[in-house]
Amino acid sequence: MLSSPQVWKEFFETYYRDELNRLADAVEYGGERSLYVDFLKDLSIYREGRLGEELLSFPDRVLSHARDGLALTENIHDVNLEGCEVRFFNLPTSRRVLIRDLRSEHIARFLAIEGIVRKVTEVRPRVVTAAFACSKCGKVVYVQQEDENVLKQPYECPACKNKRFIFLPEESTTVDSQRIRIQEYPENLRGGEQPQQIDVMLEGDLTGKVNPGDRVIINGIVRAKPRKAGAKQLQHMDLHIEGNSIEVLEQEYEEFEITEEDKKRILELAEDERIYDKIVASIAPSIYGHEDIKLAIALQLFGGVPKKLPDGTEIRGDIHVLLVGDPGVAKSQILRYVHRIAPRSVYTTGKGTTTAGLTATATRDEFDGRWTLEAGALVLADKGIALVDEIDKMRSEDRSALHEAMEQQTVSVAKAGINAVLRARCALLGAANPKYGRFDRYTPIAEQIDLSPTLLSRFDLIFVLTDDPDEVRDRKLAEHILKTHEIGEKFEKLRNIASAEYTKEELTRESEIAEIVPAIEPELLRKYIAYAKRTVFPVLSEEAKERIMDFYLSLRSRAKENSAVPVTARQLEALIRLAEASARLRLSDVIEREDVERVIGIIRHSLEQIAVDPETGEIDIDYAFTGTSKSQRDRIFILKRIIEELEASYEKGAPEEEILRAAEEEGIEPAKTRELLRKMKEVGDIYSPRDGYYRLAVK
Ligand code: ADP
Ligand code: MG
């Protein structure tokens, strides 16, 4: 073996002279205690790379040589570097192993794994050398601890043979320690695969450096430990990594490469005047219809432009979309498809399969009782898209966290020893089922799904998918589904029985004619989206601004004095974001009037579904989100006045019959009045001192 403390001393003094002096300076003032060595740049060329090879194959011995070698080096401050760590980063990519590919051959080797941080424990001291006092004679005994959970005691007192001891925490030496869990990137998983995870032990100045949601490369040694069944050790082992260094990847890091050939195809596509239709036809082609929703999802995939304003305010570019609707209208199917094509997407259901649910939670670790911060779907989808099915069924903790996650794009956790703000810069595509089974056009959406008005108003677009019988549409849908299944059956037959009567080529052509193959294959579409997000930053043109202004003001102007506000500034921002996405989709640097027209079309459609007050036929955002329309509010106003007047003349409160009569005189049907009284009572505007009598709660 080449490696020895002497060789390392020579290596450090040749390549790391300045760093040694800097480290010595830091050590003297109680700072950083690690020397960082660039593997590819320096170690791999030193002595034909032999020292580097030895490190990778025999890390325990070689690391100890490196530490000893470091202690032998000289520096201008004359500081002893004993006890300092040597950390290696920038390993060759050939030494990067996927978590799912870790095997026996990797045990005790030095390698790099890459992934997203899912969980971190709080940083706590771990005992390295434990001091014990003999309970009889008081002799102090020191015991070197292993990387185990349980504190190792001395067997007996060397002086008096007694076997009972008292642990002396303050006489013991400790090191900061933290356990983190790394999970494979969501984008590397083929549809439906569960991500694999591995634990990483961190010590000293490596602790407290990463947060859940961070994308990292961990360089370290693979360790194996037998599993345990009670006190027994089993033959099967669990793997973990002993971290030597962490590289936190830049946020803009992009996982797939776009070649010149790809770029050519992308630019060609962008020139195609049917590009919008083509992309729509590439999203869930096996699902018939729903073109408006597919266009909205297409815009969501491209996203608006996230901006930081001169005053420091950050505005999200991510577009949030909610699909609400009857059971069996392909909501889940659409979400699953988007999961397959969207870069960096995370799919989950509101009920959640992990403890962290949608956002993030702090829990006590079942293994060592440490507080642990775990990232949920929205944090793991940072810089991507979170697909949340049955979002109406999410837990109450997630509900409150979602407000912050959707607008500020952060998730704050403050509990016990954990205090963190995690990033969740993702777009959200949610699906929800109506509370009472089926969607009812005549009841406001806010009353029909289990999501609060404030949460609903954070979605840029809400679509309602109803399953109303319609002969023409039903026939077309059935034909489409039958054709899809027929072709699927034929493909299966061909795959399983050699003597089938058609060729693969014929079937592929048949699928193309039936439009159940994506117009743009998923891989190219992913690259197209990534390319657009990376390189296109469109700016509003004068015409686009004017058109947005006109549309916004026309909606606002429908509001008369003391009336519902049809559109709020939130919708204006949604409009801008969607227009940005529309320009991005065709790789345009300018947001044109056509982008705004396209988006107005989608927004109109969405508003018509959710925000038309059935009594007046007018678009009314308040009706959608609060369930109270302008016409209803006017009537409530009248009823309150009537009750107030009656209360003055009746000692027991305003009698229901009198209210009904007075209201009818002002044009409110008795049935409506009864319904409103019930609602007002529900929300606490009025109360019944006794059956059939009402009083105003607040005057
Ligand atoms: P949801 O989540 O809305 O309850 P699913 O996504 O589970 O519904 O869809 C139920 C089934 O009906 C799926 O197999 C889906 O493919 C099929 N389906 C529903 N609507 C359509 C459609 N428009 N085109 C093709 N298949 C459809
Ligand atoms: Mg479903």
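Each ligand, and each atom within it, is numbered from 1 in the order the structure gives.
You'll find the side chain of Leu402 reaches within 4.5 Å of the side chain of Ile391, heavy atoms only. Contact check for Phe302 versus Ile279: side-chain heavy atoms found under the 4.5 Å cut-off. Residues Pro306 and Asp318 are not in side-chain contact: their nearest non-hydrogen atoms beyond the backbone lie 4.5 Å or more apart. Side-chain contact between Arg458 and His403 is present, with heavy atoms from C-beta onward closer than 4.5 Å.
Ser452 and Thr454 share a donor-acceptor pair across their side chains, judged by distance under 3.5 Å alone.
Listed by chain and number, the protein atoms of type N/O/S under 2.8 Å from the Mg ion (ligand 2) are Ser332 OG; waters are omitted.
The pair Lys307-Glu580 counts as a salt bridge, with a side-chain nitrogen and a carboxylate oxygen less than 4.0 angstrom apart. A salt bridge links Asp595 with Arg586: at least one charged nitrogen is closer than 4.0 Å to a carboxylate oxygen. Glu486 has a carboxylate O that lies under 4.0 Å from a charged side-chain N of Lys490, or vice versa, which qualifies the two as a salt bridge.
Of the listed residues (Glu594, Glu597, Glu592), just one forms a side-chain hydrogen bond (donor to acceptor under 3.5 Å, both in side chains) with Arg547, and that residue is Glu597.
Listed by chain and number, Ser286, Ile287, Tyr288, Asp326, Pro327, Gly328, Val329, Ala330, Lys331, Ser332, Gln333, Leu477, Ile481 each place a non-hydrogen atom less than 4.0 angstrom from ligand 1.
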